[in-house]
Amino acid sequence: MPEPSVRTFANLEELSLAAAREFARAASSHAGDKHLFSAALSGGSTPRRFFELLATAEFSRSIPWPRVHLFQVDERCVPPDSPQSNYKMIRESLLDGIGLPKANFHRMQAERPDRETAACEYEDDLRRTLAAPAPEWPRFDLIFLGLGEDGHTASLFPGTSALAEDRVAVCPNYVEKLKMWRMTLTLPVLNAGARVIFLVAGAEKKDLVRQLLRDPAAKPPLPSGLVKPALGSLEWYLDQAAASSLS
Ligand code: 6PG
């Protein structure tokens with residue numbers, strides 16, 4: 001894997017504009033008649049503005065949405081209309097404003113009581129859509145990740161079982177500290193990505209960013225530090241506050 005690339009922006013607005021520009025450029029250049037453009041989107045709060053901008057005409061009109069397929073990086077095991085739902089945030093900030101065919105957004109049905117079956121069916125759908133039968137790992141064109149204050153990414157939290165998962169692409173994951181179940185893409189899928197972009201904003205993340213970028217060999221490794229796309233690029237989009245410990 002080449003060295004991670006780091007781009008620093010004045011603020012979250014500029015970071016979000018850059019992410020929207022890059023998504024639109026990549027989607028419009030990759031999605032051809034013969035193949036689709038695939039992206040996996042995280043939840044949380046950081047990407048909301050990115051999604052809102054992507055839904056504006058400035059960006060949306062250049063994207064061939066019928067040839068774009070969007071997946072979720074992870075989801076909380078709550079109903080899709082719950083305020084905690086990542087899908088709800090993505091729907092409100094992006095999906096409701098764009099002409100993406102309904103079948104092209106692949107929602108993680110993490111609210112289902114049988115989480116294992118829901119994860120398995122999501123993996124089947126992912127493998128079918130990206131034409132990646134086992135044992136190949138599905139390779140997203142773009143994966144957008146966030147960084148939690150404990151170093152988690154996706155729903156791969158420190159000390160949780162999903163971190164060691166290397167047999168399946170999607171799995172439920174119980175997070176003791178939150179006393180809640182999540183559903184998440186696993187590290188093999190994240191590390192199979194063609195491009196993985198972390199979107200990180202806020203001074204509360206500056207020390208984590210420094211550790212991840214300046215001391216990546218620190219032990220124990222943080223979950224976000226295990227994201228190393230072997231045959232892809234790892235990119236960091238930081239606002240000045242999150243980057244303020246790097247210099
Ligand atoms: C989630 C996210 C999670 C998020 C980080 C950062 O379900 O919460 O997918 O991995 O990216 O927790 O969240 P913020 O962007 O809100 O800081």
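Each ligand, and each atom within it, is numbered from 1 in the order the structure gives. Because only heavy atoms are used, hydrogens play no part in the values below, and waters and symmetry mates are left out as well, while side chains stay in.
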Got the closest protein heavy atom to [atom], with its distance?
| atom | result |
| --- | --- |
| atom 15 (O) of ligand 1 | Thr46 OG1, 2.6 Å |
| atom 13 (O) of ligand 1 | Gly44 CA, 4.1 Å |
| atom 6 (C) of ligand 1 | Leu147 O, 3.5 Å |
| atom 11 (O) of ligand 1 | Gly146 CA, 3.3 Å |
| atom 17 (O) of ligand 1 | Lys205 NZ, 2.5 Å |

Quick one: which ligand 1 atoms are inside 4.0 Å of a heavy atom on Ala154?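 Listed by number with element: 3 (C), 9 (O), 10 (O).
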Atoms in ligand 1 flagged as close to His152, the criterion being non-hydrogen separation under 4.0 Å: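 Within the 4.0 Å cut-off of His152, ligand 1 contributes 3 (C), 5 (C), 10 (O), 12 (O).
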Considering only NZ, NE, NH1 and NH2 on the basic side and carboxylate oxygens on the acidic side, decide whether [X] and [Y] come within less than 4.0 Å.
| X | Y | result |
| --- | --- | --- |
| Arg7 | Glu235 | no |
| Arg76 | Glu111 | no |
| Asp125 | Arg128 | yes |
| Glu136 | Arg127 | no |

**OP:** Describe, in one word, how the ring planes of His30 and Phe37 are oriented to each other, choosing from parallel (under 30°), tilted (30 to 60°) and perpendicular (over 60°).
**Re:** perpendicular
Query raised in the report: Just distances here: any N/O of Asp74 and N/O of ligand 1 closer than 3.5 Å?
Result: yes
Any N or O of Pro47 that comes nearer than 3.5 Å to an N or O of ligand 1?
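The answer is no, given that Pro47 and ligand 1 share no N or O pair closer than 3.5 Å.
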**Asked** If you measure from each heavy atom of Arg182 to ligand 1, is any distance below 4.0 Å?
**Response** yes
Please confirm whether Asn86 comes under 4.0 Å of ligand 1, counting heavy atoms of the residue only.
yes
Taken to the nearest 0.5 Å, the spacing of Asp150 CG from Leu208 CG works out to 8.0 Å
Sub-6.0 Å ring centroid separation between Phe198 and Phe144: no
Hey, would you say the Phe140 and Phe71 ring centroids sit under 6.0 Å apart?
yes
- Message: Tell me the nearest of Arg76, Glu75, Glu204 to atom 8 (O) of ligand 1, using heavy-atom distances.
- Response: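 Result: the heavy atom closest to atom 8 (O) of ligand 1 is in Arg76.
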